[in-house]
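What follows is a set of notes on a single structure, which appears directly below.
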Amino acid sequence: MRDICPDPLTLSDSLLDWYDTHARRMPWRVPPRDRKSGVMPDPYRVWLSEVMLQQTTVVTVKDYFHRFTERWPTVGDLAAAKDSDVMGEWAGLGYYARARNLLKCARQVVSDHDGRFPADHAALLTLPGIGPYTAAAISSIAFDLPHAVLDGNVERVMARLHDIHTPFPVAKPELMAKAAALTPQSRPGDYAQAVMDLGATICTPRSPACGICPWSAHCRSRKLGTADELPKKMPKKTKPMRHGVVYVGRRADGAWLLETRPDKGLLGGMLGWPGSAWVDKSTALPDVPTPAAAAWRQLPGEVRHTFTHFHLHLCICVADLPLDITPDIGGFVARDVFRPSDLPTVMRKAFDLARTAF
DNA sequence: AAGTCGTGGGC
DNA sequence: TGCCCAAGACT
């Protein structure tokens with residue numbers, strides 16, 4: 001079978017040729033032509049985009065990336081930002097530990113690296129929120145160092161190219177070795193983006209467009225007809241159902257009763273409505289302490305939301321609160337200051353349902 | 001080293 | 001509708 005995978009250099013060259021004419025334009029990316037003429041991307045923008053792109057689609061990221069770079073043009077600006085401003089700007093993107101680590105990382109780059117991202121892969125790995133993939137992405141894309149990127153796209157491409165049937169994530173070391181063997185010394189930054197573009201636009205999870213793939217002549221699974229059944233994955237567990245209550249309180253002057261959630265755990269560090277823990281059975285709900293003594297009324301209907309590993313049914317209680325009340329939990333956010341867009345999606349859903357009751 | 005950690009879109 | 005998936009990191 002060696003004949004269909006002849007030479008790593010042939011493969012990387014053919015992919016780079018494809019990328020020269022098919023590279024997707026993105027706000028954080030330097031097109032191949034500009035890069036060839038010496039233009040390098042801003043490491044801050046590469047880092048920011050890569051963190052946002054972790055488990056998140058390009059389409060979703062674009063608006064967030066624009067808002068972040070407009071508001072905080074440099075890593076120094078971001079490092080100086082208020083935590084609540086960054087968390088609010090991240091709201092809706094999900095995986096909120098990324099936002100907390102984003103701030104930690106920015107401040108560490110300022111304090112430990114003179115405000116400049118290190119090019120070195122090992123140094124990048126020590127920064128919060130930068131793991132093996134993101135370190136390789138930054139060092140290759142921003143600094144043109146030949147580190148192999150292994151994300152979901154590359155895993156899929158390698159599994160098909162080499163017809164690897166070992167299920168993920170068991171196959172990861174093997175896939176990494178394949179990806180590293182193909183990464184060229186020349187134009188590693190463009191190559192990293194090219195191989196991910198290939199997975200995102202041609203070697204897609206369903207119905208790969210093998211007919212127009214620059215690697216089709218060298219692809220083992222293409223030859224064997226197994227591309228459609230790759231990559232193999234471990235079976236997934238079914239998500240349990242959880243139940244909870246949130247309290248949406250509005251003071252007479254229009255201020256909303258909110259809390260900042262603890263840094264650890266689900267929605268950590270995010271703004272939200274006070275409420276119960278989210279438990280397996282709804283029978284334990286009546287004993288929840290309310291955030292303020294008031295005539296809370298339960299709304300008909302409920303909020304449904306699905307997280308990574310469980311479904312949630314959220315019961316909504318609302319109340320009008322007097323001006324002189326002192327809440328037991330959380331604090332009031334003035335009507336003019338409160339931005340619903342600062343809420344994570346599940347809390348935004350609760351707000352959208354609750355506001356109809358006022 | 002499995003489990004935890006969001007969300008929106010596609011089929 | 002329910003399930004799959006998306007440029008993973010952290011514990």
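Quick note on labels: first sequence line is chain A, next is B, and so on, each numbered from 1.
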May I have the distance from [X] (atom [atom1]) to [N] (atom [atom2]), rounded to whole angstrom?
X        : N     : atom1 : atom2 : result
A/Leu343 : B/dT7 : CG    : P     : 11 Å
A/Lys349 : B/dG6 : NZ    : P     : 14 Å
A/Leu102 : B/dC5 : CG    : P     : 20 Å
A/His309 : B/dG6 : NE2   : C1'   : 10 Å
A/Arg242 : B/dC5 : CZ    : C1'   : 11 Å

*Is any side-chain N of the basic residue among A/Arg35 and A/Asp190 closer than 4.0 Å to the acidic one's carboxylate O?*
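Here A/Arg35 pairs with A/Asp190 in a salt bridge, since their nearest N and O are under 4.0 Å apart.
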Exercise. State whether the number of non-hydrogen atoms from other residues, nucleotides or ligands found under 6.0 Å of A/Glu70 atom CD is greater than 12.
Key: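 At most 12 heavy atoms, drawn from other residues, nucleotides or ligands, come within 6.0 Å of this atom.
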Practice item. Please confirm whether the backbone N or O of A/Pro184 pairs with a side-chain atom of A/Ser12, one donor and one acceptor, at under 3.5 Å? Key: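 Flag not set: sc A/Ser12 to bb A/Pro184 has no pair under 3.5 Å.
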Short question: side chain of A/Arg261, backbone of A/Gly272 - any donor-acceptor pair under 3.5 Å?
->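 Pair absent, no side-chain N/O of A/Arg261 close to backbone of A/Gly272.
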Using the ring centroid of each side chain, check whether A/Phe358 and A/Trp256 are separated by less than 6.0 Å.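 When the ring centroids of A/Phe358 and A/Trp256 are compared, they turn out to be within the sub-6.0 Å range.
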Ring centroid separation for A/Phe351 and A/Phe338, is it under 6.0 angstrom?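 Judged by ring-centre distance (under 6.0 Å), A/Phe351 and A/Phe338 do meet the cut-off.
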query: Between A/Asp77 and A/Thr74, do the side chains contain an N or O donor and an N or O acceptor separated by less than 3.5 Å?
result: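 Judged by distance alone, the side chains do pair up.
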Quick one about A/Lys239 and A/His309 (side-chain donor to acceptor, distance below 3.5 Å, no hydrogens or angles considered), yes or no?
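No, because no side-chain N or O of A/His309 sits under 3.5 Å from a partner of the opposite role on A/Lys239.
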Quiz prompt | Span that lies between the P atom of C/dA9 and that of B/dG8, in whole angstrom | solution =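 These two P atoms come out 22 Å apart once rounded.
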Taking the same atom, P, in C/dA7 and in B/dT4, what whole-Å distance lies between them?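 Nearest-Å result for C/dA7 against B/dT4 at atom P: 24 Å.
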task: Please state whether the phosphate of B/dT7, meaning OP1 or OP2, lies under 4.0 angstrom from any side-chain nitrogen or oxygen of A/His305.
output: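 Result: yes.
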Subject >> Sorted by number, the residues of residues 86-94 of chain A with heavy-atom contact under 4.0 Å to DNA chain B >> reply: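 DNA chain B contact set from residues 86-94 of chain A: A/Gly92, A/Leu93, A/Gly94.
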Practice problem: Have a look at A/Gly265 and say if it touches a base, only the backbone sugar-phosphate, or nothing, with a 4.0 Å heavy-atom cut-off. | Solution: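 If one applies the 4.0 Å heavy-atom cut-off, A/Gly265 turns out to touch the sugar-phosphate alone, with no base involved.
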Distance under 6.0 Å and angle within 45° of the ring axis: does A/Arg67 meet both against A/Tyr64?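 Yes, cation above the ring, under 6.0 Å and within 45°.
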Exercise. Starting at the 5' end of DNA chain B, which residue's closest nucleotide do you reach first, A/Thr306 or A/Lys237?
Worked result: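 Final value for this comparison: A/Lys237.
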Readout for nucleotides 4-11 of chain C: B = base within 4.0 Å of protein heavy atom, S = sugar-phosphate only, - = neither; 5' to 3' it is -SBBBSS-
